Structure formats: structure tokens, C-alpha cells
Colleague: 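Please see the structure below; I have some questions.
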Amino acid sequence: MQNPYLPYPVRIDNVTIATEDKSLKTFKFIFLDPNDEKKFAYKAGQFAELSVPGKGEIPIGIASSPTEKGFVMFTVFKVGLVTAYLHNMKAGDIMGIRGPLGNSYPWDLLQGKNIVIIGGGFAFTTLRSSIVYMLDPANRPKFKDIHVIYGARSPGMLLYKDELAEWERRDDINIHMTVDRTDDPNWKYNVGFVPTITEKKAPSASPDTYAIICGPPVMIKFTQPVLEKLGYDHDHIIMSLENRMKCGIGMCGRCNIGKELVCKDGPVFTLSELNRTPREY
Amino acid sequence: MMVVKIDKQKWSSGINQLKSTYDVYGPAKQGKTYEFQKLGSEQLPDLTVQNTTLSPKSIVFPQSEKMFSFHTDENKSGHHILKEMNNQSMPKAVLGIRPCDAKAFQLVKLNFDTCEYKDPYWIRAYESTTLIGLACNNPCSTCFCTSTGCGPFSETGLDVLLMDQGDSFIAKSLTPKGENLLKTATWSDSFDPATAESILKSGKEKAESKIASRVKTDQLASKSIMKIYEAPFWDDVAFSCINCGTCTFSCPTCWCFDIQDETKGCQGIRTRNWDTCMSPLFTLHGSGHNPRGEKTSRVRQRFMHKLKYFLDKYNQGIMCVGCGRCVRLCPVNIDIRQICNMMNSYQPS
Ligand SMILES: Cc1cc2nc3c(=O)[nH]c(=O)nc-3n(C[C@H](O)[C@H](O)[C@H](O)COP(=O)(O)OP(=O)(O)OC[C@H]3O[C@@H](n4cnc5c(N)ncnc54)[C@H](O)[C@@H]3O)c2cc1C
Ligand code: SF4
Ligand code: SF4
Ligand code: FES
């Protein structure tokens, strides 16, 4: 019997500071056994349990894309026990990764559609995975227009800045970056909260247009009515939840919203699915 | 199926025989209460007790269980890599388990043995355990097993059903595992199966007629989750609860657990431990946000999980076998029978 709690051993390949306040770091991992990388075949939107022996495990969205080979990448915000320890780890350290876990964004459904990605703060990790995946030359023809609305408190708090700049220069994706406020004279993008920018920049609704939203609860709370105003059906609004987790495989019982287990039946749900469950997230 | 009669003299010699092949568990006095324990070499199960205070779930699902070991000494090979522990033990035989507690294992199996993932710890322990159930001739006043798809003579989940006949037991094997156990114990005095069935049938009718306590569950499936969730009675239900977790710890169908690492020097183990949805820590995020931060939401979670979410998810009835433990043990007398009836009869206005 395969043990679903047993992580794959990995080595930290490199750690980079992701935001100016150093509260987020990006980790690249390499599997000690190259065969494990094949077993860890994932889709954008899935997550993994990062396992630090002696400290514990934490569920973290996979920030690399399935089209990127040779490593897996995660961006971690420092909040508590395991994340703080992880922030002090360095290249060469050995730990574990368990997964991939959860469903993913509904890629079959999204084929041939316009995609609007709306992200706020550090919940941009699986969205990065999705963008890189869609922009892969083999995949880009499968999608129509791609819009990305991404906001952070200040320019220095945006994740993956180099890539954002690179995407900004492309003509097959529309990037709308925004910050809450800035006194940086070189900031040439939007200023304002994500819901406001969504109202201005998001394409209007159509049966062929799906929105994927990830962000702090307050951003989601104010973006949802904007999308409704633009005419988006609730089954065209896709969200990813972050309930507290342990097992990640539907067994330990803590992550449920109603009868759905966020770790196994989610973390990705449409808003119309969420309307039918208790708001325990 | 095989039916044998076990003379009470042969009962003890058979049990001692079993101990060379199985770890034998049975109810035994422990301080002021009775609990399932591993029986010592000459010890017999005490079958005078109606049921144990805690459920026998810990025999398959220990309150604390080692999952992996590791070491963090970077000078030695294999550091920071988890290794599976050898949790192998003798097969287990549980003598005198009540039908409700045996059925509970079958309900819990739906959680641990899924098509996507198999929990190796639970499944291995369950598969190596033989359950020898004792039919309840005298159910407790708090039992409501006949309302939960179970009953004092229910055979679901058992390998052998025993009925106490005064100076002997009638033993009916229900699975090959059960048959093996009877053979190992050399309990082989055959008994006419048709006579056995009729004795069991009248015993069953008599025992069932003693169960006065009933709950209604027939309307639960047709009601929407959101309607019952939003019912106005949850604050009242939760009012006196002190979130002590007694109900979840004693319940045979509660399985929630936590995973923790423990270290001493460079050595460490990853363990899993029973947890409870009654604790606010159960769902607390690192950020401080808590989706079930209010007491009412936790009490509601327990009853909704048992009586509605589980029912909707698996279509195998409610996640309660009617053992009555939580009813007997709750320090503030919160009674699942009453809450189940409220949920079942609730008509949103
Ligand atoms: C599907 C999913 C994807 C996530 N993706 C990311 C990501 O890409 N980047 C990121 O920085 N964070 C992400 N999180 C949140 C992250 O899991 C928590 O911040 C982290 O578990 C906190 O761990 P800690 O030990 O530092 O905190 P502590 O407060 O010390 O937590 C102790 C334990 O509680 C659990 N826990 C606490 N908070 C959470 C939480 N919010 N979600 C789940 N489990 C929790 C963990 O098991 C943790 O080890 C994600 C959560 C989920 C569920
Ligand atoms: S035993 Fe009673 S008081 Fe304790 S948590 Fe359960 S319902 Fe609440
Ligand atoms: S909920 Fe109460 S009555 Fe039902 S199985 Fe659990 S302890 Fe027994
Ligand atoms: S994290 Fe254990 S059930 Fe979802």
C-alpha cells in the first residue's frame, strides 16, 4: 500500500527574497530522486504539503508551472512556526514535498475561453503557475484573450516583478498591475484597489469568459460585486480557498466547508458551488 | 457461515489459546470505569459491563500513533528524510465488542479507505483485527441504535456474533476471519444453524423492544445543507456547551486527527493524534482568522457533520451508531437525539 503521508525528499536549490519587506521568499526545490519529479505531475492550481522534519507540514500552492521542468517552486509568506523556520533555511538543505494535492483550475473547461485573472497580495502563486502555463507556446493557442489584474500594497510588494515586466511587453496577454498607493515617480501603471481596477479593465461578461480570483478576503469581498455588475455568472467566477489543513488528502477532517473537503474536493471552487456551502472559509 | 456453541468452561481455555496468535482485547475494569484493554495472560474479558466508557476505536486508531521517524544529524546519511515505521503487530481479536461499535468501524472506513487515497495505518490495523461481537440482551436507556441502521443484534461489521445463553454462548461466524478465529480457539461444538437463527431472532426482538429511545432521520436527506445550517436553533443548542471535546473523544465514529512532529536531540518522529472539531485551534489560520471561531459554529459543525454532511457525501446513513456515549458523558447534557429530531423536523419558514 502506498503511503500518501510520505513526502518526496527534496533539496532546496535556491531561496530568493520576493518582496521588499522580506516577508515572502521564493523557494526552488529539486527532487533527490529524479523519478519523484515524474510522480509529482501537477496542474496549475494544485498545492503541496511542504514538510520540514521536526517542524511540521504546511499546505502551499505550487507557483511553478507544469511546463517548467527540473524544479518545483513555492512562494511562502512568513506567519508562524513552519513558515518562519522555512524562511531561515538555505540552499542545500534537505526537506520533503508531499503532493500534488487538491483539484486544479478547471483547465478542460477553460480551453478556448477568455481568461481574466484577478489577484491580490501574495495569493498570486498559483496564478503565476497558470499564466506561465497558458503562455507556453504549446498552450497559448488553446486560450482566447488573457487579462491579468494584479495588485499589491506598493510596487515593492508585487511578486515576480521581472516576469510581470516581461509579460507586460508581450502582445498576447494584457497585464494590469496596480498598487494601493505609491510615491514612486517611476511607477507607470495603475494606482487603486483591485476591485476599482477590475471595474475599469476587466472585459465584460460573456459565456466564453471566466474569471479566476485569488486574494485576501477583503479583496474578494469587494471584487465579487464588481464582477456581478459586469455580468459574470457565478459559475464563471472561480476561486481558490485556503482553509487550515493537515493531511491534505481528505482524512483529518479540519478543512471542510459543509460536505466539501477543501483539500480534496477543492481548493478550487466556482462561486456558484460556494453559494451552496456554509461560508466557513 | 458456521455456528458453534461455546461452553463457558471452554470459553476461558479458548481465549488463552487465542493469545498465542492474537493480541486479545476485551472490556476490563480500569479505575472506576470499564475500557477495552489488551488482556493479560490469564485475564478474561469482563462481559458484565453494558458498554465501555470510551469506544474501542483506539484499537484500530490509537489516540497517538507514530507515522514516521527521521533524524536531523547532517553528518549522518539520510538526514531530514522521513522513514516509515514498522508498526506491524500481532493480529488483534476484540472480544465482546458491541454491534454499534463494530458498525462504527465500517462508517469510519468510508473516510480512511477511499478510491483516491488509502490511509495505510488505519487500513492495516483494521484488516488485521477480528471483531467478536456480543449481542446486547440488555441495552442501556441511552441507546438508540435501532434508529441508526444498527441494533442490539446487528451483524454489520462483525466477524463473529456471540449471544449469551447463561451457561454458554452461541457463536455465529460471519466472515472467513471469524471462522478462523473460532478454529484457533478450538471452539468447535457445532450447533444447528436453524435453531441458532430462531434463538437469535427471538433474542433480537426482545432486546429491540427494550430500546425506548428513538430518533427520526427520515427527513434529513431531503433537506438542503444551507437550510439546516441556517436554522435558528444552533445558538440554543450550543449555549451550554463548554467545548470540552468529551463527545468527540468518546465517540466511535469521530476520526479527526492532527499531525505533529516530536524531536529529542537529532531524533524525531511524526505522529498523529486524535483532534476535536470542538477546539478553536482545529481551524485557526496562521493569520489569526478562524472560520469556526465561534462556539456555535463548532457545535453546529459536529452535528452537521454527523447527521447531514456525512449522509449527503456517502449516502450510507448518518455518522452515528446510537451508542449513547456522548449523551451519557456530556457534562452539560447536550443530547444528540434531541438535536437530530430538531434537524429532522425543521421546516424553514
Ligand atoms: C491550498 C492552500 C494554499 C496555500 N498557498 C500558500 C502560498 O502559496 N503561500 C503562502 O505563504 N501560504 C499559503 N497558504 C497558507 C499557509 O498554508 C499557511 O500560512 C501556513 O500553513 C502557516 O503555517 P505556520 O506553521 O507558519 O503557521 P502556524 O500558525 O504556526 O500554524 C501551525 C499549523 O497550522 C496549519 N495552518 C495554519 N494556518 C494555515 C492556513 N492559512 N492554511 C492552511 N493551514 C494552516 C498548518 O498545518 C501549520 O503548520 C496556503 C494554504 C492553503 C490551504
Ligand atoms: S461533551 Fe458536551 S459540553 Fe463537551 S464538547 Fe461535547 S457537547 Fe460540548
Ligand atoms: S454521536 Fe454519540 S451516540 Fe452517536 S456514535 Fe457518537 S458517541 Fe455514540
Ligand atoms: S486537510 Fe485533512 S481533511 Fe482536508
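Sequence lines set the chain letters: A, B, ... in the order given, protein chains first and strands last, and positions in each chain run from 1. Predicted model, so just to flag it, every value in this text is computed and none were measured.
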Colleague: Please flag which part of A:N256 lies under 4.5 Å from any non-hydrogen atom of chain B: side chain, backbone, both or neither.
Modeller: both
Colleague: So, applying side chain to side chain contact (heavy atoms under 4.5 Å, CB included) with B:N111, which one of B:W122, B:W255, B:F310 is it?
Modeller: B:W255
Colleague: Counting only heavy atoms closer than 4.5 Å, note whether A:P9 contacts chain B via side chain, backbone, both or neither.
Modeller: side chain
Colleague: Please confirm whether the backbone N or O of A:I58 pairs with a side-chain atom of A:K246, one donor and one acceptor, at under 3.5 Å?
Modeller: no
Colleague: A:R254 versus chain B, heavy atoms under 4.5 Å apart: side chain, backbone, both or neither?
Modeller: both
Colleague: Return the set of residues passing side-chain contact (heavy atoms from CB on, under 4.5 Å) with A:F222 (not counting sequence neighbours), or none when no residue passes.
Modeller: A:P195, A:V218
Colleague: Quiz question: by atom type and distance under 3.5 Å, do the side chains of A:Y42 and A:S129 form a donor-acceptor pair?
Modeller: no
Colleague: Please determine, among B:D261, B:T283, B:L311, the option with the most heavy-atom pairs under 4.5 Å with chain A.
Modeller: B:D261
Colleague: Check whether the side chains of A:R98 and A:Y8 place a donor and an acceptor atom closer than 3.5 Å, and report yes or no.
Modeller: no
Colleague: Answer with side chain, backbone, both or neither: which region of A:V10 has an atom nearer than 4.5 Å to a non-hydrogen atom of chain B?
Modeller: neither
Colleague: For A:L32, which atoms come within 4.5 Å of any heavy atom of chain B: side chain, backbone, both, or neither?
Modeller: side chain
Colleague: Which residues in residues 261-272 of chain A have a heavy atom less than 4.5 Å from any heavy atom of chain B?
Modeller: A:L261, A:K264, A:D265
Colleague: Can you tell me which of B:T72, B:T263, B:D119, B:D275 forms the most heavy-atom pairs within a distance under 4.5 Å of chain A?
Modeller: B:D119
Colleague: Could you tell me which portion of A:T83 (side chain, backbone, both or neither) has an atom closer than 4.5 angstrom to a non-hydrogen atom of chain B?
Modeller: neither
Colleague: Under a 4.5 Å heavy-atom cut-off, does chain B meet the side chain of A:C247, its backbone, both or neither?
Modeller: both
Colleague: Does any heavy atom of chain B fall under 4.5 Å from the side chain of A:Y281, the backbone, both, or neither of them?
Modeller: backbone
Colleague: Do B:N273 and B:S64 get their side chains close enough for a donor-acceptor pair, meaning under 3.5 Å?
Modeller: yes
